[in-house]
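First comes the structure, then the notes that go with it.
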Number of protein chains: 2
Amino acid sequence: MSSKKKNDCEPNAISCAMCGAQSQNIICATSPGIPEALEKSKINCRYKRDQVIFYADNDPLGLFFVQRGLVKLERVSEDGAAHTLRIVGPGGILGYRSLFADEAYHATAIAVDEVELCFVPKADILNVFKSHPDVALRLLNHVAKDLRLAEERWVDQMDKGAPERIAEALIFLQDHFHSQTWTRREIAEWAGTTPETVMRTLAQFEKEGLIDQSGRQIQILNKDSLKAKASL
Amino acid sequence: MSSKKKNDCEPNAISCAMCGAQSQNIICATSPGIPEALEKSKINCRYKRDQVIFYADNDPLGLFFVQRGLVKLERVSEDGAAHTLRIVGPGGILGYRSLFADEAYHATAIAVDEVELCFVPKADILNVFKSHPDVALRLLNHVAKDLRLAEERWVDQMDKGAPERIAEALIFLQDHFHSQTWTRREIAEWAGTTPETVMRTLAQFEKEGLIDQSGRQIQILNKDSLKAKASL
DNA sequence: CGTGTTATTGAAGTGTATCAAATTGCGTGG
DNA sequence: CCACGCAATTTGATACACTTCAATAACACG
C-alpha cells in the first residue's frame, strides 16, 4: 500500500522498532525510550534523485532522520554556482543547524540518490530535550565537529591548490560513501572548483597511477600516495 | 596586589558578582546561581598583545570567558600562512568547540590587544550542565550560528573576489569591534587574502570615496556603497 | 635616535576559471 | 530492445585576478 504513492509522506511507514541499526542516529541511539516517544509523531518520506527536501531561506519545521540514501546540503550563489556544504547518509540528521540556531535554512537539501527518511516536528524534538537532557550534549558534540570541518575547509580553500583539494575529496567521498558514484560536477562542488579542473586533475592522477577511471567509476589504486598529494 | 605580577593567573581577582554586564556570557547570564557556582573554581588571567592563550593541537582544559580585550583564533598552515577563524570580544567564550567536540584545539588563541579573562576548569563546566540543562541548549544555539558563519565564509571565498571579501571584512570588523585598529595583515588574514591585495583594494576604495585612510585608521564614509560592493 | 615592523608600490608569474566545441555515455520512451 | 536526446565528459585555447617576490618609504616602539 505504501508503494502506490511515490514521493509522498506517509505516517508510520516504518516503525521505530524496525528501524535498522544503520539508521541509529545520535538522538534515537542515546537512551531507550526515545524512539517510542517519537513513534507517534514521525512521518516517513521518500525522495528521488535531485528532489528537494527543503529549500534555503525557509524556516525549519523539525528534523529529518536519514534512513536510506544520501542527501547533500548545497548553497547556490547569485551567479548560479552550487557548492556542497555537507553530505548526510543513513543515521545522519538534517535540519538541526537551523533548528537549534533558530534561523532559516541556509542551504538546500537535495537527494543524491533514492532517499528514505522520517520527519519529526520541532515540538516533539524539544520534548525529547526536556525528558533526556543528555541529547543536547550529543548534539552539541556533533555540531562542534561540524564546525571544525567547516573551518578547516575554509583554510584548505586558500592554502591548498585544486589538485590537493580534489585528492582530499576523492578520499573523503570514498571513506564515507563508498558505494556511490559521483559526477565530475559533484566532485567539483564538494572540492570547491570546476568540473573541468576536476577532469584534468583526475587525468593527471590516473597518469601517475593513483587512480583508475573506468568510465564514470573511479577506483583509488594508491591511497597513501593520494593522501600525500592531499597533504593529509 | 593583583597588579604586581603580570600575565599571571590569579585566583578570584574579580568576583563574579563584580563582573561587568559586558562580560555576561551565554553561560553566566542564563540563570541565577551559575556565577556563584563558578566563583570558587574560576581563575583570572591577563595577556598582552600577541601572547598565546592556548595552542592548536593541545587538549582543552576548560573554558575561557573574555572580560576585556579581543582574542583571535587563528590557524597557521604548513607554509606559514595564518588565517583568522574567529574573533572573540568581551562576553565571548573561548575553547568551547574543542571542549564539546571532545577534540584537541584546532586553532591557536592569540590576544589582539590587552586581554583579561577568567578560566573555568572542564569539570566545573560539566557540573553546571547537570544542574542547568538549559545551558546546553544555549551553547548549541551559539555553535550552530558559528557553523553557519563558517560555511558561508567558505562559499564566499569562492564566489566573491578579493575586493568583495575585503569590503565585507571592513564592515564586519567595524560592526563588531568598533574601537579597534587593524593592520593590513590582520585584515588580510580575516578576509582570506594577502596584505598587498588589501592595500591596493583599500586605495581603490578610498579613490571611490567609500573609505578614508588616515594612516592606520580606516573610516567608513559610505557604508551602503561598501555593502553593495561586498554584495551584502 | 636607531631598529625592526608595517605600509606602499612595482613588476612578473601562474594557477585556475572561463568559454567553446566535439564526443561519449546514460536514461527514457517508443 | 533499440534509438533518440540530453547531460556529462573531454580537450583546447584564452584571459585574468591574484599571489609572489622585491625594494623603498613611513612609522612605531623601546
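Numbered from 1 within each chain, the chains take letters A, B, ... in sequence-line order. Note that the coordinates shown come from a computational prediction; the quantities given were computed from them, not determined experimentally. Hydrogens, waters and symmetry mates are skipped; everything else that's a heavy atom, side chains included, is used.
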- Task: Starting from P on D:dT9, measure out to CD on A:Glu189 and report it in whole angstrom.
- Result: 11 Å
- Item | Between D:dA17 (P) and B:Gln204 (CD): distance, integer Å | 12 Å
- Query: More 5' along DNA chain D: A:Met199 or B:Arg165, using each one's nearest nucleotide?
  - Reply: A:Met199
- Message: Check this for me, if you would: do A:Lys72 and A:Glu186 make a salt bridge, where the nitrogen-to-carboxylate-oxygen distance has to be below 4.0 angstrom?
- Response: yes
- Message: Side-chain N or O of B:Thr183 versus OP1/OP2 of C:dT6: is the shortest distance under 4.0 Å?
- Response: no
- Nearest-angstrom distance from the residue atom CD of B:Glu206 to P of C:dA7: 14 Å
- Task: Starting at atom CH2 of B:Trp182, determine the distance to atom C1' of C:dT6, rounded to an integer number of angstrom.
- Result: 17 Å
- Note on the structure: From CD of B:Gln157 across to P of D:dA17 the rounded distance in Å is 17 Å
- Message: Does the structure place the NZ or CZ of B:Arg153 under 6.0 Å from the centre of the six-membered ring of B:Trp190, at an angle of no more than 45° from the ring's axis?
- Response: yes
- Item | Whichever of A:Arg216 and A:Lys160 has its nearest DNA chain C nucleotide further upstream toward 5' | A:Lys160
- Residue pair A:Pro163/B:Glu196 against DNA chain C: nearer the 5' end by closest nucleotide is B:Glu196
- Are any of the side-chain nitrogens in A:Lys227 or A:Glu168 under 4.0 Å away from the carboxylate oxygens of its partner? no
- Rounding to a whole Å, what distance do you find between A:Arg49:CZ and C:dC26:C1'? 12 Å
- Side-chain N,O (A:Thr193) to OP1/OP2 (C:dA17) below 4.0 Å: yes
- Message: It should be established whether B:Thr197 places a side-chain nitrogen or oxygen under 4.0 Å from OP1 or OP2 of nucleotide D:dT19.
- Response: yes
- Message: When you measure from the centre of the six-membered ring of A:Phe54, is the NZ or CZ of A:Arg97 closer than 6.0 Å and no more than 45° off the axis?
- Response: no
- Task: Give a yes/no answer on whether the side chain of A:Arg184 brings an N or O atom under 4.0 Å of OP1 or OP2 in D:dT9.
- Result: yes
- Once you round it to whole Å, what is the distance between P of D:dT19 and CZ of B:Arg185? 13 Å
- Basic-acidic side-chain contact under 4.0 Å: A:Glu152, A:Arg148: yes
- Note on the structure: Checking D:dT19, D:dT9, C:dT16 against the side chain of A:Ala162 (C-beta onward), the nearest is C:dT16
- Round to a whole Å and report the spacing from CD of A:Gln217 to P of C:dC26. 10 Å
- Query: Across the strands shown, which category fits B:Arg200 at heavy-atom distances under 4.0 angstrom: base, sugar-phosphate, nothing?
  - Reply: base
